[in-house]
Amino acid sequence: MPEGDTVWQLAHRLHQALAGSPLTRCDLRVPRLATVDLTGREVLAVVPRGKHLLTRFEGGLTLHSHLRMDGAWKIYAPAERWRGGPAHQIRAVLGTAAHTAVGYRLPVLELLRTADESRVTGHLGPDLLGPDWDPTEALRRLLAAPDRPLGEALLDQRNLAGIGNVYKSELCFLLGASPWLPVGGLASPERAPALAKKLLEANKQRPARVTTPWGYRPRPFQGGGGARPDRRLWVYGRAGRPCLRCGTPIRTADQDPAAEERVTYWCPTCQPSAPPAPPTL
């Protein structure tokens, strides 16, 4: 699932491509919006809110979309071939004279009044990349359930908006805390929102996410011999490989068995404490 920095980048690209121009084409391919035509309305802004995208039009209307796991918005020049997937996966087409934005596999697509945006985003906590960022409020929300595992609390968008599975794993490592440690057990809990903000701000304009001091892309060793290991991330995606800090093999486990695609990566040496045992059947 795209995280806050990725959605911020996408909103920035969509805003540059569409904002300030009237739509010359509008095709919303979901049943409840099949008769909606926004052609002629100017695109005022494309705004990120955590992992949500808000495309605002003149006349006080907003198109709300969320990518979840598989959704994508692609931007094309007028004569460019669309390459985001087969036609039956297209859920939205927003075109101006200069660009066309095509939404593929969007699980959430709805039109609402701009004044009612809080209906779809009002539950979110402070946005790590938004103008409403408030570290004090973010910390208050995190500590409101002190017995909750840190990894789960970081993923809860009602606490901080924008963290996904990558940043959850990386933040827990940088905090030196097990993802299963109760939030109230953190020695310095105020570091969590501050570090989350720092990481997302540092990556919001990067083409590839980096959380380590090295942060280079894989490249061949001199003289061949295979690819140099990718050291952009501390633990995420590194199952079984040595920890970049201590050399212990990185481990994985489900943070929440009920959640899909929520595998947690952690170093058992740098982040001591085992995950809870699965229930006995």
Identify the two heavy atoms, one from P146 and one from P182, that lie closest to each other, and give their separation to 0.1 Å. O-CB, 3.4 Å

In terms of heavy-atom contacts, E58 and G40 come closest through OE2-O, 3.4 Å

Is there a continuous path of hydrophobic side-chain contacts, each under 4.5 Å between heavy atoms, that joins F57 to L53? yes

Applying side-chain hydrogen bond (donor to acceptor under 3.5 Å, both in side chains), run through T96 and T24 and close with a yes or a no. CA-CA 5 Å; T96 68; T24 57; 5.9 Å; no

Any chance the side chains of T211 and E170 put a donor and an acceptor closer than 3.5 Å? yes

Ring-ring centroid check W266 W234, cutoff 6.0 Å: no

R29: side-chain hydrogen bond (donor to acceptor under 3.5 Å, both in side chains) partners, not counting sequence neighbours: D27

Quick check on the hydrophobic clustering: are L160 and L181 connected, directly or via other members, by side-chain heavy-atom contacts under 4.5 Å? yes

Can you tell me how far apart CG (L195) and CD (E190) are? Round to the nearest 0.5 Å. 11.5 Å

Please check: side-chain N/O of Q9 versus main-chain N/O of K204, any donor-acceptor pairing under 3.5 Å? yes

Does either side chain, that of D5 or that of Y167, offer a donor lying less than 3.5 Å from an acceptor on the other one? yes

Close side-chain approach of C26 and L94, heavy atoms under 4.5 Å: yes

Reported NZ-to-OH distance for the pair K168 and Y265, which is rounded to 0.5 angstrom: 9.5 Å

Salt bridge (charged side-chain N to carboxylate O under 4.0 Å, His left out) partners of residues 86-111, not counting sequence neighbours, each pair once: E110-R119

Mark yes or no for whether T269, through its side chain, and T248, through its backbone, hold a donor-acceptor pair below 3.5 Å. no

Non-hydrogen side-chain atoms of V93 and W82 separated by less than 4.5 Å: yes

Here the pair of heavy atoms bringing P189 nearest to L143 is CB-CD2, 4.0 Å

State whether E201 and K198 are salt-bridged, where the test is any N-O pair (Lys NZ or Arg NE/NH1/NH2 against Asp/Glu carboxylate O) under 4.0 Å. no

When you measure from the side chain of K51 to the backbone N and O of Q157, does any donor-acceptor pair fall under 3.5 Å? no

T55 side chain reached by V47 side chain, heavy atoms, under 4.5 Å: no

Can you tell me which residue pairs pass the ring-ring contact (aromatic ring centres under 6.0 Å, His included) test with a partner in residues 4-27, sequence neighbours excluded? W8-H12

Crowding at CZ, R245 (>12 non-hydrogen neighbours, <6.0 Å): yes

Chi angles and distances behind the side-chain contact (heavy atoms from CB on, under 4.5 Å) call for L28, L63: CA-CA 10 Å; L28 304 179; L63 187 67; 4.1 Å; yes

Go through the steps to decide whether E42 and S21 satisfy the test side-chain contact (heavy atoms from CB on, under 4.5 Å), and finish with yes or no. CA-CA 5 Å; E42 181 181 341; S21 300; 5.9 Å; no

Under 3.5 Å, side-chain donor or acceptor atoms of residues 125-134 against the rest of the protein: list the pairs with distances, not counting sequence neighbours.
unit_1, atom_1, unit_2, atom_2, d
D127, OD1, L129, N, 3.0
D127, OD2, G50, N, 3.0
D132, OD1, D127, N, 3.3
D132, OD2, R49, NH2, 3.3
D134, OD1, T136, N, 3.1
D134, OD1, E137, N, 3.2

State the CG-CZ distance between L106 and R68, to the nearest 0.5 angstrom. 11.0 Å

For residues 72-79, run the donor-acceptor check on the side chains, cut-off 3.5 Å, and write out each pair with its distance to 0.1 Å, sequence neighbours left out.
unit_1, atom_1, unit_2, atom_2, d
W73, NE1, S65, OG, 3.2
Y76, OH, R83, N, 3.0
Y76, OH, G84, N, 3.1

Under the 3.5 angstrom rule, does the side chain of E117 hit a backbone N or O of L112 as a donor-acceptor pair? no

Only one of L61, T62, V46 passes side chain to side chain contact (heavy atoms under 4.5 Å, CB included) with R56; say which it is. T62

Considering all heavy atoms, the nearest N203-V210 contact: OD1-N, 2.7 Å

Apply side-chain hydrogen bond (donor to acceptor under 3.5 Å, both in side chains) to R158 and list each qualifying residue two or more places apart in sequence or on a separate chain. D156

With heavy-atom distances below 4.5 Å as the criterion, would you say the side chains of L150 and P179 are in contact? no

Would you give the length of the straight line joining atom CG of L38 to atom CZ of R41, rounded to the nearest 0.5 angstrom? 6.0 Å

side-chain contact (heavy atoms from CB on, under 4.5 Å) assessment of L154 paired with L171: CA-CA 9 Å; L154 290 173; L171 279 164; 4.2 Å; yes

Would you say T6 and R209 are linked by a side-chain donor-acceptor pair, where the criterion is simply a distance under 3.5 Å? yes

H52 backbone acceptor or donor facing H66 side chain under 3.5 Å: no

Where A153 and N159 come nearest, the two heavy atoms and their spacing: O-ND2, 3.0 Å

Under the criterion side-chain contact (heavy atoms from CB on, under 4.5 Å), I'd like the reasoning laid out for Y236 against I250: C-alpha separation, chi angles, the key distance, then a yes or no. CA-CA 9 Å; Y236 187 83; I250 299 299; over 6 Å; no

How many angstroms lie between CD in Q271 and CZ in R251, if you round to the nearest 0.5 Å? 11.5 Å

When hydrophobic residues are tied together by side-chain contacts of less than 4.5 Å, even through go-betweens, does L175 share a cluster with V235? yes

4.5 Å side-chain heavy-atom contact, C243 and F173: yes

Shortest non-hydrogen pair, L244 vs L233, comes out as CD1-O, 3.5 Å

Backbone N/O of V166 and side chain of E3: donor-acceptor pair under 3.5 Å: yes

Distance from R238 atom CZ to C267 atom SG, nearest 0.5 Å? 10.5 Å

